[in-house]
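First comes the structure, then the notes that go with it.
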Amino acid sequence: MHTEYKVKTSAFEGPMELLLLLIEKRKLFINEISLAQVTDDFMSYLKRLGTLPIGYTANFIITAATLVLIKSRSLLPNLLLTEEEEGDISDLRRRLELYRLFKNAGEKISSTFGKHIMFKRQYRAIMPVFVPDKSLNLANIQQSVIDMLASAPKKEALTETTVQKAISMEEMMENLTLRIKETMRMSFKQFSNHHANPKKDGKIFIIVSFLALLELVKQGIIAVRQENKFGDIDIEGLAEQKI
Amino acid sequence: MMLPLDAQIEAILFFKTDAMSIRKLSELLNVNKELVEEALTQLKVKLEGRGVSLTCHGDEVMLTCAKEVSLLIEKLAKDELEGELSRASVETLSIVLYRGSVTKSEIDYIRGVNASFILRALQIRGLVERTQNPKDGRAFIYKPTIELYNFLGITKKEELPDYEKLMKELDLLSREESQNEKDSMAVSS
Amino acid sequence: MMLPLDAQIEAILFFKTDAMSIRKLSELLNVNKELVEEALTQLKVKLEGRGVSLTCHGDEVMLTCAKEVSLLIEKLAKDELEGELSRASVETLSIVLYRGSVTKSEIDYIRGVNASFILRALQIRGLVERTQNPKDGRAFIYKPTIELYNFLGITKKEELPDYEKLMKELDLLSREESQNEKDSMAVSS
């Protein structure tokens with residue numbers, strides 16, 4: 001079933017589903033190394049989500065942030081992560097394990113559901129006897145409708161915390177860039193300003209271009225140069241490579 | 001795994017609340033009448049001293065509560081009729097009242113839970129009645145009973161307090177709900 | 001003549017059709033809960049190999065036709081059977097079933113998706129029920145219904161596919177989590 005996998009926009013309900021599929025497609029175990037390996041696949045799916053409403057993409061973006069951390073560390077082993085970031089990484093791995101556990105169990109559940117129903121007895125015929133009670137009066141009936149209307153779910157407002165988290169991504173990426181600059185001497189900001197219009201392309205592009213940059217550094221395709229001690233840091237192509 | 005014939009008959013009779021003929025049983029189980037009768041005899045023996053007994057009436061058989069527990073069952077039946085209506089019951093009843101006639105699935109959508117048990121309890125107490133939906137023969141619609149109208153001192157739903165406004169809002173809610181359903185289906189499919 | 005307690009319970013559940021709470025049974029029978037539970041265990045044993053099964057789910061118990069005769073009874077049942085479950089429903093049901101009781105935020109966390117719609121749909125289908133969290137009055141917990149058990153053909157949670165194995169794995173994962181917490185506490189203190 002999974003062998004004919006193609007990335008299709010909005011084919012996935014959530015990031016865990018996508019992440020697990022990417023890992024299983026490559027027949028990997030769930031660990032930091034495999035998560036780093038599927039990060040690019042995950043991002044290429046995300047790029048296509050760029051046009052969907054933030055409510056749908058927010059959960060993917062949050063997961064993407066953690067994947068960026070994992071990938072950064074896999075490429076730059078001496079990059080120091082904060083305690084919280086370490087926590088995010090082990091949390092993502094654990095969530096994915098949990099998700100896989102329940103998803104697999106769910107497959108068995110769905111194959112048994114409705115196959116051998118334990119039927120309950122048919123109801124005996126009703127012989128109604130009119131028995132009202134004191135709570136039945138027009139005022140109570142009206143109040144009950146009013147209460148019900150008040151507690152009805154509103155047009156599902158996007159969970160604000162999720163969206164907030166997704167929006168603060170930019171900050172997080174900048175912060176990470178700074179720290180990588182310290183170790184790698186480069187100006188990511190310049191890089192991303194050149195190549196992305198954040199207003200138009202959004203957070204996903206920033207993540208993707210960041211990852212691309214990391215990859216390029218790793219492969220030695222670009223070098224970084226610093227003019228004076230506290231000056232700006234430039235990125236320079238080693239060969240006539242186009243980034 | 002296959003159950004013995006008497007256990008299969010037990011299950012069928014347990015399921016059906018009314019009597020069943022031996023002929024019908026033999027058709028259903030695809031065995032001859034003699035075998036059914038034999039199994040019924042075994043079943044009768046096995047049910048001795050149990051809470052449920054096998055009653056035979058001419059060609060027809062059925063399971064009933066053992067007569068030793070009849071007082072207990074009377075108490076239980078009385079229990080179903082009396083007692084205060086729960087908040088959920090009053091809610092369901094108000095939907096039926098303001099809508100005048102409504103399907104179970106509309107009630108389910110408005111309240112966000114399955115209303116089966118409550119609707120049955122309201123019918124037993126004679127507050128709500130169920131009729132065939134004229135538009136869709138398979139579906140049922142629920143209506144307030146005349147006795148309930150009388151009890152509340154109204155003759156038609158329009159006399160309910162703030163009828164126009166509340167009715168409209170309820171209507172909106174059930175429509176929004178079916179839209180939400182579609183939205184979430186689109187994502188999860 | 002007085003029937004033993006387990007036979008009295010059998011009669012009550014037979015009459016009642018729907019699930020009943022142990023508390024309610026103990027009230028009706030005027031005996032304490034421990035005795036009711038003991039009698040239920042006896043009843044369960046007596047019903048082995050019979051056409052009728054006893055399902056126990058938390059505080060609730062119910063009699064149903066045995067799993068082995070489901071195809072036979074299906075021929076008699078007129079009600080429309082539930083349709084297929086969506087992927088999202090299956091995942092959510094599996095979390096609710098194996099966890100036994102779970103908050104919405106736990107489901108959201110595991111699936112990385114807001115589970116509001118799906119939980120509402122499952123409640124409307126009567127497969128999941130929502131109750132107040134005993135530990136935190138403001139939060140709700142979601143539980144499988146006894147009807148869900150009926151649809152799965154199980155009489156208790158231990159009969160869920162791979163139950164033991166899954167519980168062990170869950171236990172391991174949750175221990176890992178508390179270990180992580182301890183580690184980070186140690187660092188930050």
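Just so it is clear: chains get the letters A, B, ... in the order the sequence lines come, proteins before strands, and each one is counted from 1.
- Both the backbone and the side chain of A:Lys120 have a heavy atom closer than 4.5 Å to some heavy atom of chain B.
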**Item:** Worked check of side chain to side chain contact (heavy atoms under 4.5 Å, CB included) between B:Leu160 and A:Gln142
**Value:** CA-CA 8 Å; B:Leu160 287 162; A:Gln142 180 188 18; over 6 Å; no
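- A pairwise comparison of heavy atoms in A:Val131 and B:Leu81 identifies CG1-O, 3.4 Å as the closest pair.
- No side-chain donor-acceptor contact under 3.5 Å links A:Arg124 to the backbone of B:Thr17.
- The side-chain heavy atoms of B:Leu170 and A:Leu149, taken from C-beta on, include a pair separated by under 4.5 Å.
- Heavy-atom neighbours of B:Ile146 CD1 from other residues, nucleotides or ligands within 6.0 Å: at or below the threshold of 12.
- Of all non-hydrogen atoms in B:Ser94 and A:Val145, the two that sit nearest each other are CB-CG2, 3.4 Å.
- Highest contact tally toward chain B, considering only A:Pro132, A:Gly14, A:Ala125, A:Pro128, is held by A:Pro132 [criterion: heavy-atom pairs under 4.5 Å].
- Summarising the local packing, NZ of A:Lys115 is surrounded by more than 12 heavy atoms from other residues, nucleotides or ligands at distances under 6.0 Å.
- B:Arg87 CZ: 12 or fewer foreign heavy atoms inside a 6.0 Å radius.
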**Request:** List the steps, then state whether side chain to side chain contact (heavy atoms under 4.5 Å, CB included) holds for A:Asp147 with B:Glu91.
**Result:** CA-CA 9 Å; A:Asp147 292 347; B:Glu91 261 179 35; 5.9 Å; no
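- Residues A:Met127 and B:Ile124 are not in side-chain contact: their nearest non-hydrogen atoms beyond the backbone lie 4.5 Å or more apart.
- Within the model, atoms CD1 of A:Ile141 and OH of B:Tyr98 stand 8.0 Å from one another, a figure rounded to the nearest 0.5 Å.
- Here the straight-line distance linking atom CG of A:Asp133 with atom CD of B:Glu84 works out to 5.5 Å at 0.5 Å rounding.
- Neither the backbone nor the side chain of B:Arg130 comes within contact range of chain A; no heavy atom of the residue lies under 4.5 Å from a heavy atom of that chain.
- Of the inter-residue distances, the one linking B:Leu122 atom CG with A:Ile126 atom CD1 reads 10.0 Å to the nearest 0.5 angstrom.
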**Prompt:** Would A:Leu136 and B:Leu127 satisfy side chain to side chain contact (heavy atoms under 4.5 Å, CB included), going step by step from the backbone distance to the final call?
**Reply:** CA-CA 10 Å; A:Leu136 285 185; B:Leu127 302 170; 3.9 Å; yes
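- A:Arg121 contributes a side-chain N or O that, together with a main-chain N or O of B:Phe14, makes up a donor-acceptor pair within less than 3.5 Å.
- Atom NZ of B:Lys24 is surrounded by 12 or fewer heavy atoms from other residues, nucleotides or ligands within 6.0 Å.
- Residues B:Leu85 and A:Ser135 share a closest heavy-atom pair of CB-OG, 4.2 Å.
- In this structure, the portions of B:Leu148 lying under 4.5 Å from any heavy atom of chain A include both its backbone and its side chain.
- Within 6.0 Å of NZ in B:Lys104 there are more than 12 heavy atoms belonging to other residues, nucleotides or ligands.
- For A:Glu84, the CD atom sits in a loose shell: 12 or fewer heavy atoms of surrounding residues, nucleotides or ligands are nearer than 6.0 Å.
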**Request:** Applying side chain to side chain contact (heavy atoms under 4.5 Å, CB included), run through B:Ile95 and A:Met148 and close with a yes or a no.
**Result:** CA-CA 10 Å; B:Ile95 296 173; A:Met148 207 169 11; 3.6 Å; yes
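- Side-chain contact between B:Arg120 and A:Tyr123 is present, with heavy atoms from C-beta onward closer than 4.5 Å.
- Using a 4.5 Å cut-off between heavy atoms, B:Leu152 touches chain A through backbone and side chain atoms alike.
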